**Student:** 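Just passing along the structure, written as structure tokens.
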Amino acid sequence: AAANEVARCLLKLDGSLGGPAMVCGGRELMVGDLVMVADDASDRVDVDGVRLPPVGVLGTVAVLDHDRGEVEIDFSIAGVQRIAAEGPAASAITYGYAELAQRPSAPLIDLRLLPPLPDLSIGTVEGSDVEIELVP
């Protein structure tokens with residue numbers, strides 16, 4: 001979860017995400033956010049009664065309708081679906097920017113950004129126990 005937050009913060013800082021933001025299922029969303037279906041239980045349906053795509057499917061937030069309290073997400077394999085920001089389907093949506101993989105032979109965590117972020121300046125933090133390496 002923290003890896004997704006870091007990736008999203010970088011995109012907010014460089015202006016890749018458009019506002020104003022809307023809270024959907026407890027998460028702040030902005031136009032341009034990359035999201036993923038994390039739960040496809042039978043009650044996870046959009047405002048038109050269509051089930052969400054399978055777990056792991058990525059989508060991009062296309063429209064935030066503050067008046068209706070709805071989010072339009074363009075899913076890569078399912079097309080555009082409208083989700084009520086406070087409905088059951090909203091809790092099935094999570095950020096889709098990063099995945100973590102623990103290496104069995106070392107205490108390193110490999111952070112992969114999905115898709116790779118635009119050009120970023122990388123630096124080191126003195127005295128930190130954390131090493132961040134972004135690999136294209």
Side-chain angles (χ1 to χ4, degrees):
N4 276 301
E5 295 290 339
V6 169
R8 188 170 183 276
C9 284
L10 292 171
L11 291 172
K12 283 177 73 173
L13 286 173
D14 82 357
S16 295
L17 303 178
M22 175 186 282
V23 175
C24 178
R27 274 184 188 73
E28 179 189 83
L29 294 180
M30 298 174 77
V31 171
D33 261 321
L34 182 65
V35 295
M36 180 176 67
V37 178
D39 177 4
D40 64 353
S42 61
D43 69 335
R44 306 304 195 235
V45 296
D46 66 15
V47 296
D48 297 315
V50 177
R51 280 189 69 174
L52 293 181
V55 169
V57 171
L58 294 172
T60 303
V61 175
V63 176
L64 297 172
D65 188 333
H66 291 271
D67 294 333
R68 291 180 166 223
E70 295 175 355
V71 178
E72 285 187 16
I73 301 173
D74 187 0
F75 289 104
S76 57
I77 66 168
V80 176
Q81 289 186 263
R82 292 181 305 133
I83 296 172
E86 300 300 323
S91 64
I93 303 300
T94 188
Y95 298 127
Y97 291 109
E99 65 179 12
L100 293 175
Q102 183 73 43
R103 295 180 188 170
S105 62
L108 281 177
I109 295 177
D110 185 14
L111 170 62
R112 294 187 183 106
L113 300 178
L114 307 172
L117 293 174
D119 297 330
L120 298 172
S121 297
I122 305 303
T124 58
V125 178
E126 295 293 325
S128 173
D129 291 335
V130 176
E131 179 181 330
I132 297 176
E133 178 183 1
L134 295 181
V135 181

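Keep in mind the model is a prediction, meaning the values are calculated, not measured. Heads up: numbering here begins at 1 and tracks the sequence.
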**Student:** Mind checking the CG-CD spacing from L52 to Q81? Nearest 0.5 Å is all I need.
**Tutor:**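 That separation rounds to 5.5 Å.
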
**Student:** Write down the atom of A85, the atom of A90, and the distance for their closest heavy-atom approach.
**Tutor:**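 Between these two residues, the closest heavy atoms are O-CB, 3.3 Å.
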
**Student:** Roughly how far, to the nearest 0.5 Å, is OH of Y95 from CG of L11?
**Tutor:**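 Between L11 CG and Y95 OH, I get 11.5 Å after rounding to 0.5 Å.
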
**Student:** Is it true that L58 and I77 fall in one hydrophobic cluster, defined by side-chain heavy atoms closer than 4.5 Å?
**Tutor:**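 L58 and I77: one cluster.
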
**Student:** Donor-acceptor check, side chain of D33 to backbone of V35, threshold 3.5 angstrom: yes or no?
**Tutor:**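 Side chain of D33 to backbone of V35: no pair is present.
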
**Student:** Using the rule that two of Ile, Leu, Val, Met, Phe, Trp, Tyr join whenever any of their side-chain heavy atoms come within less than 4.5 Å, decide whether V45 and V47 are in one cluster.
**Tutor:**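 V45 and V47: separate clusters.
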
**Student:** Starting at CZ of R27, measure out to CZ of R8 and round the result to the nearest 0.5 Å.
**Tutor:**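 R27 atom CZ to R8 atom CZ measures 10.5 Å (nearest 0.5 Å).
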
**Student:** Measuring from atom CD1 of I93 to atom CD1 of I83, what distance do you get when rounded to the nearest 0.5 angstrom?
**Tutor:**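 Between atom CD1 of I93 and atom CD1 of I83 there are 4.0 Å.
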
**Student:** Rounded to the nearest 0.5 Å, what separation is found between the CZ atom of R51 and the CG atom of D43?
**Tutor:**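 It comes to 9.0 Å.
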
**Student:** Looking only at non-hydrogen atoms, find the nearest pair between M30 and G18 and report the distance.
**Tutor:**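 So the minimum-distance heavy-atom pair works out to CB-O, 3.1 Å.
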
**Student:** So, for V31 and L64, which heavy atoms are closest and what is the spacing to 0.1 Å?
**Tutor:**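 Heavy atoms only, the tightest pair is N-CD1, 3.9 Å.
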
**Student:** Quick one: does any side-chain atom of D48 pair with a main-chain N or O of V50 as donor and acceptor, under 3.5 Å?
**Tutor:**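 Not a single qualifying donor-acceptor pair exists.
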
**Student:** Rounded to the nearest 0.5 Å, how far does CG of L29 lie from CG of L34?
**Tutor:**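 So the gap between those two atoms works out to 11.0 Å.
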
**Student:** Please name the pair of heavy atoms, one in H66 and one in A21, separated by the smallest distance, quoted to 0.1 Å.
**Tutor:**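 Closest approach of H66 to A21, heavy atoms only: CE1-O, 3.0 Å.
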
**Student:** Of the non-hydrogen atoms in Y97 and A7, which two are nearest, and what is the gap between them?
**Tutor:**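 Here Y97 and A7 meet closest at CB-CB, 3.6 Å.
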
**Student:** Which heavy-atom pair separates V57 from S76 by the least distance, and what is that distance?
**Tutor:**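 Closest approach of V57 to S76, heavy atoms only: CG1-OG, 3.9 Å.
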
**Student:** Tell me which one of I73, T60, D74 satisfies side chain to side chain contact (heavy atoms under 4.5 Å, CB included) with V80.
**Tutor:**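 The side chain to side chain contact (heavy atoms under 4.5 Å, CB included) with V80 is passed solely by D74 among I73, T60, D74.
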
